[in-house]
Amino acid sequence: MAFQSSIQQLKEYYSLPYSSMESMVILKNRSDIGGANRGSDMGIDALEVAAINAENDFFNRLPYTEIDTHNETVYNKVHNTFAKRIEFVTQQCLRVKIAVENTLKNNQFPLVLSGDHSSAIGTIAGIKSAYPNKNIGVIWIDAHGDLHTPWSSPSGNIHGMAMAAALGLENNRHPKNRVSNQTINYWMKLKGLGGTSPMINPRNLIYFGIRSIEPEEKLLIEQEKIVCFPVHEVRCRSIKECLREATNQLSSVDFIYVSFDVDALDSDLVSDGTGTPVSKGFDAQEMIDLIKGFFKTKMVIALEICEVNPLLDTKGNSMADSTFEIINQIFPKSGCS
């Protein structure tokens, strides 16, 4: 009954045009310990500055929850180079999981604003914990596949492993890295954070904007037959056509989680204010059209936006400005700009 009630409320809530923001809660996860560069923990502040500059009261009108962080651990010596700070990332993802799960059980929509993208493990786990018997569809809007594991990662940064954890993968048949038993134990905890592993089925994962992947990730995409829509394909075939195909692919899921890493945006045209900027990405209007297209299915149960890094932005606060405009267009009745 809780599931049916939540879905009915979401269907009413997402009937365009938006008439009420009462069912949405912002979850502020200011954690950047899973990323390569410091500064994405300030991304939420940058978004709030962008809203202030736009004379938009979005962040004043909506209820929010501040999720505690382990950002102080960046001062700790890294002993594990193939899954950096995995013990603290695991704890952080658990916090995110609890916040998302509680929000959904309260029949509220979680808008998760995060630092680095490792948080998605917690978000997916929270959805799975709230609805353990339901199938989750994931729209992963990102320049990267985030399909590395401790055995394959060239950097050891867990924001590049989030989808592998959600899919319950290890990719250890031909390991590049020697992984300790302690790391394996934490990896198992991450994979099972939602109460089961895998948390999602690879056929229910769809990539948009992917254009920077390593051979190990490409192999997994091919093996698992994961559907990908690169930027050039979306432009060639049209957003409308790719949306139609993606929603058909997800016809068997109960709801959809949209995860938007801002490096999906073009680093040259929009901004390089993110941890791993990549050129030849989407522009802001394309992102608005894409995300709104999925919202119109009335199946989106959570939205996460991450990796805004104002310390790396060479154009002032441009990445946050563009990202907030995307948020404002998705939820046009949320402010008074």
Side-chain angles (χ1 to χ4, degrees), residues 1-11 13 23-31 33-34 63-70 86-140 146 149 158-159 161-170 185-206 250 252-260 299-306:
M1 291 297 294
F3 174 76
Q4 293 298 332
S5 173
S6 176
I7 292 300
Q8 181 60 36
Q9 184 176 14
L10 288 168
K11 286 183 176 180
Y13 173 69
S23 61
M24 185 161 77
V25 175
I26 301 175
L27 303 182
K28 300 181 180 181
N29 175 40
R30 304 174 189 270
S31 175
I33 59 174
Y64 67 90
T65 296
E66 290 276 1
I67 300 174
D68 290 340
T69 73
H70 277 297
I86 190 170
E87 66 274 33
F88 298 111
V89 172
T90 301
Q91 293 175 31
Q92 190 63 34
C93 287
L94 177 60
R95 291 171 174 175
V96 174
K97 169 202 164 180
I98 292 170
V100 170
E101 180 181 4
N102 289 342
T103 301
L104 290 172
K105 286 184 175 179
N106 287 332
N107 289 325
Q108 295 170 306
F109 179 90
L111 171 60
V112 186
L113 302 180
S114 290
D116 74 82
H117 213 173
S118 65
S119 58
I121 303 170
T123 303
I124 294 172
I127 298 171
K128 192 64 178 176
S129 295
Y131 303 120
N133 299 318
K134 302 300 177 180
N135 292 323
I136 306 170
V138 176
I139 302 298
W140 195 262
D146 295 345
T149 71
I158 300 177
H159 70 165
M161 307 182 194
M163 277 317 311
L167 291 169
L169 301 176
E170 294 186 353
N185 289 336
Y186 278 114
W187 183 248
M188 296 297 288
K189 289 180 181 179
L190 277 175
K191 292 196 305 176
L193 205 60
T196 184
S197 180
M199 292 184 276
I200 62 172
N201 187 308
R203 74 176 306 275
N204 296 334
L205 165 64
I206 298 179
L250 298 179
S252 64
V253 305
D254 295 292
F255 37 66
I256 295 170
Y257 156 61
V258 177
S259 195
F260 168 37
M299 294 181 66
V300 178
I301 199 170
L303 170 65
E304 182 157 13
I305 301 174
C306 63

Which distance, rounded to the nearest 0.5 Å, do you find between the [atom1] of [X] and the [atom2] of [Y]?
{"X": "Leu250", "Y": "Leu205", "atom1": "CG", "atom2": "CG", "value": "9.0 Å"}
{"X": "Ile98", "Y": "Cys93", "atom1": "CD1", "atom2": "SG", "value": "11.5 Å"}
{"X": "Glu87", "Y": "Thr90", "atom1": "CD", "atom2": "OG1", "value": "7.5 Å"}
{"X": "Ile206", "Y": "Trp140", "atom1": "CD1", "atom2": "CH2", "value": "14.0 Å"}
{"X": "Thr69", "Y": "Phe88", "atom1": "OG1", "atom2": "CZ", "value": "11.5 Å"}
{"X": "Ile67", "Y": "Leu113", "atom1": "CD1", "atom2": "CG", "value": "9.5 Å"}

Quick one: are [X] and [Y] in side-chain contact, heavy atoms under 4.5 Å?
{"X": "Ser259", "Y": "His117", "value": "yes"}
{"X": "Val96", "Y": "Leu27", "value": "no"}
{"X": "Thr196", "Y": "Pro132", "value": "no"}
{"X": "Tyr64", "Y": "Leu111", "value": "no"}
{"X": "Ile200", "Y": "Tyr257", "value": "no"}
{"X": "Pro110", "Y": "Leu104", "value": "yes"}

Where is the tightest heavy-atom contact between [X] and [Y], given as atom of each residue plus distance?
{"X": "Ser129", "Y": "Gly194", "value": "OG-O, 3.6 Å"}
{"X": "Ser31", "Y": "Gln92", "value": "OG-CG, 3.6 Å"}
{"X": "Ser118", "Y": "Ala162", "value": "CA-CB, 4.4 Å"}

Can you tell me if [X] uses its side chain to pair, donor with acceptor, with the backbone of [Y] under 3.5 Å?
{"X": "Glu101", "Y": "Thr123", "result": "no"}
{"X": "Lys128", "Y": "Asn133", "result": "no"}
{"X": "Thr149", "Y": "Glu170", "result": "yes"}
{"X": "Asp116", "Y": "Gly34", "result": "yes"}
{"X": "Arg95", "Y": "Asp68", "result": "yes"}
{"X": "Lys97", "Y": "Leu193", "result": "yes"}

For Met199 and Ile121, run side chain to side chain contact (heavy atoms under 4.5 Å, CB included): C-alpha distance rounded to whole Å, both residues' side-chain angles, the deciding distance at 0.1 Å, then the answer. CA-CA 9 Å; Met199 292 184 276; Ile121 303 170; 4.2 Å; yes

Would you kindly say whether Arg203 and Ser252 are connected by a side-chain donor-acceptor distance under 3.5 Å?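 Present: a donor and an acceptor within the cut-off.
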
Out of the candidates Glu304, Lys28, His159, only one should pair with Ser114 under the side-chain hydrogen bond (donor to acceptor under 3.5 Å, both in side chains) rule; please name it.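 In the set Glu304, Lys28, His159, the residue that makes a side-chain hydrogen bond (donor to acceptor under 3.5 Å, both in side chains) with Ser114 is Glu304.
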
As a test of understanding, state which of Val253, Asp254, Ile136, Ile256 forms a side chain to side chain contact (heavy atoms under 4.5 Å, CB included) with Asn204.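 Testing Asn204 for a side chain to side chain contact (heavy atoms under 4.5 Å, CB included) against Val253, Asp254, Ile136, Ile256 leaves exactly one candidate, Val253.
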
Test side chain to side chain contact (heavy atoms under 4.5 Å, CB included) on Tyr186 and Val89; report intermediate values, then the result. CA-CA 9 Å; Tyr186 278 114; Val89 172; over 6 Å; no

